[in-house]
Novice: 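Submitted below is the structure of interest, expressed as structure tokens.
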There are 2 protein chains.
Amino acid sequence: MTRQGDARRHESADPLRQVIIEAADELYYANGFRAVGMDALRQRAGVSLKRLYTVFPSKESIVLAVLDYRHQIWADEIAAAVAQQATPRDRLLAIYDYLAGWFRSDSFRGCVFINAFGELASESPAVATKAADHKRDFRRYMERLATEAGFSEELGDQLMLLAEGAQTTAAITGDSSMALKARRAAETLLGAEASAQAQSVP
Amino acid sequence: MTRQGDARRHESADPLRQVIIEAADELYYANGFRAVGMDALRQRAGVSLKRLYTVFPSKESIVLAVLDYRHQIWADEIAAAVAQQATPRDRLLAIYDYLAGWFRSDSFRGCVFINAFGELASESPAVATKAADHKRDFRRYMERLATEAGFSEELGDQLMLLAEGAQTTAAITGDSSMALKARRAAETLLGAEASAQAQSVP
DNA sequence: GAGCTCGGAGAACGTTCGTTCTCCACGAGT
DNA sequence: ACTCGTGGAGAACGAACGTTCTCCGAGCTC
């Protein structure tokens, strides 16, 4: 979300392409994909329509590029938040602290992939698969984090579900406390599995 | 979803209005709200455009009526699934079994309120508030179920988050096993709070 | 300086869609 | 039988939007 550290990693080689992607990202996320026309995007990016269409062949391709961009930001920021924590337990719980900060930001409008899926999946299979890919990646990431910490893969799935539920609920109801509720549930799940392990290894 | 038992409760007094709502519900849910035009709805409902506009003043009003209809179905079917279970624990877990059956149905395309929010919230504040109302209702219902079973209100919130996460994840990835994963997480949360209660009352 | 190319501004085109209007057939009442 | 009103089918209208086209000016080459 916010630019900090080596956030430059998110930028592509072509600077014009990057300007368009960032302008589209802001407008689409704030107003929805369909509500933002090519003219508004042209104006925000400071680029003529003709030039816009030399870089991207269609609006759909811009949407897909924005989703790639957001996926990279999400993955990088999650990884950074996790890396700051030392213990396996804190690394798993760092997800929810990251969500809490995101939910409280003024620009929060839910998960862009869920939004894109709801808005465009019926007309763009490419958008639908990109949303599915993103969710699959996040699930695998949580599973990996869980198994690396000595927990079951299933626990990673469960923590993923809590994070997804917090995102949609916070987006629709505007209640940013969902991140904390999800975190406390995650703590309970972690504690339960840890004590079950201690029990089974006497 | 499926009509069984006293599903007639969902019907309004005006039969023409009800025909339109049910046709709109099927088309909107299967194809998305924007993808279905008034002409397709007119054809499916077997009603002329003029008659359609005598019953509803606009498409938005039809969308809102469909959301009301779905909210009633959801509330009734959840209540029925819960009522079939005898113990407090099974009543709380009945939610996830209901979700499992729903996810496996061919017509499953996610939570209609989440979809409507993503598609229309940016242009229709009424849709946004109706989605928020629905989620608030469900949250309160889970909180009530939890407290009636002797658990904390917070546990109800956590079970709600699991259900929400399962809905979005199942919708986007098409993986219906999310209901079972949510259920197992819920079982763990229930067990943990039960044993904590046993501990604190020696 | 003349010619040429590139790109900017925005008009134009074709499509979609919500909403309204027109025309006409049918049936009831006298 | 004639009239009148109701309602059906679908044309018409206006707006929005993605995409393409036109016109024109700026800057580079010889």
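Per chain, numbering begins at 1; letters A, B, ... match sequence-line order. Quick caveat, the model's predicted, so the values are computed rather than measured.
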Novice: Calculate the interatomic distance between Asn31(B) atom CG and dC17(C) atom C1'; express it in whole Å.
Specialist: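 Taking CG of Asn31(B) and C1' of dC17(C), I get 16 Å after rounding.
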Novice: Of all residues at least two apart in sequence or in a different chain, which pass the side-chain contact (heavy atoms from CB on, under 4.5 Å) check with Ala81(B)?
Specialist: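 Per chain and number, Ala81(B) pairs via side-chain contact (heavy atoms from CB on, under 4.5 Å) with Tyr98(B).
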Novice: Applying side-chain contact (heavy atoms from CB on, under 4.5 Å), can you list everything that pairs with Ala182(B), at least two apart in sequence or on another chain?
Specialist: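 With neighbours one apart ignored, the set is Leu161(A), Tyr96(B), Leu162(B), Ala166(B).
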Novice: Which letters describe nucleotides 16-24 of chain D, given B = protein heavy atom under 4.0 Å from base, S = only from sugar-phosphate, - = neither?
Specialist: --SBB-B--
Novice: Give the rounded distance in Å between these two atoms: CZ of Arg42(B) and P of dG7(D).
Specialist: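 In whole Å, dG7(D) P and Arg42(B) CZ are 17 Å from each other.
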Novice: Could you name each residue pair satisfying side chain to side chain donor-acceptor pair (under 3.5 Å) that touches residues 110-125 of chain B, not counting sequence neighbours?
Specialist: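 As it turns out, the side chain to side chain donor-acceptor pair (under 3.5 Å) pairs with a partner in residues 110-125 of chain B, which skip direct neighbours, are Arg34(B)-Glu123(B), Glu60(B)-Ser124(B).
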Novice: Send over the distance from Leu52(B) CG to dA9(D) C1', rounded to a whole Å.
Specialist: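 Atom-to-atom, Leu52(B) to dA9(D), this comes out as 14 Å.
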Novice: Between atom OH in Tyr28(B) and atom P in dC17(C), what is the gap in whole Å?
Specialist: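 My rounded result for the distance is 12 Å.
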Novice: Taking only residues two or more places apart in sequence or in another chain, which ones pass side-chain contact (heavy atoms from CB on, under 4.5 Å) with Glu153(A)?
Specialist: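 With neighbours one apart ignored, the set is Glu143(A), Thr147(A).
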Novice: What pairs of residues pass the ring pair (Phe, Tyr, Trp, His ring centres under 6.0 Å) test when at least one of them lies in residues 127-160 of chain B, not counting sequence neighbours?
Specialist: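 The answer is His71(B)-His134(B), Trp74(B)-His134(B), Trp74(B)-Phe138(B), Phe113(B)-His134(B).
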Novice: Can a donor-acceptor pair be found, under 3.5 Å and without considering hydrogens, that links the side chain of Ser105(B) to the backbone of Gly101(B)?
Specialist: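 Absent.
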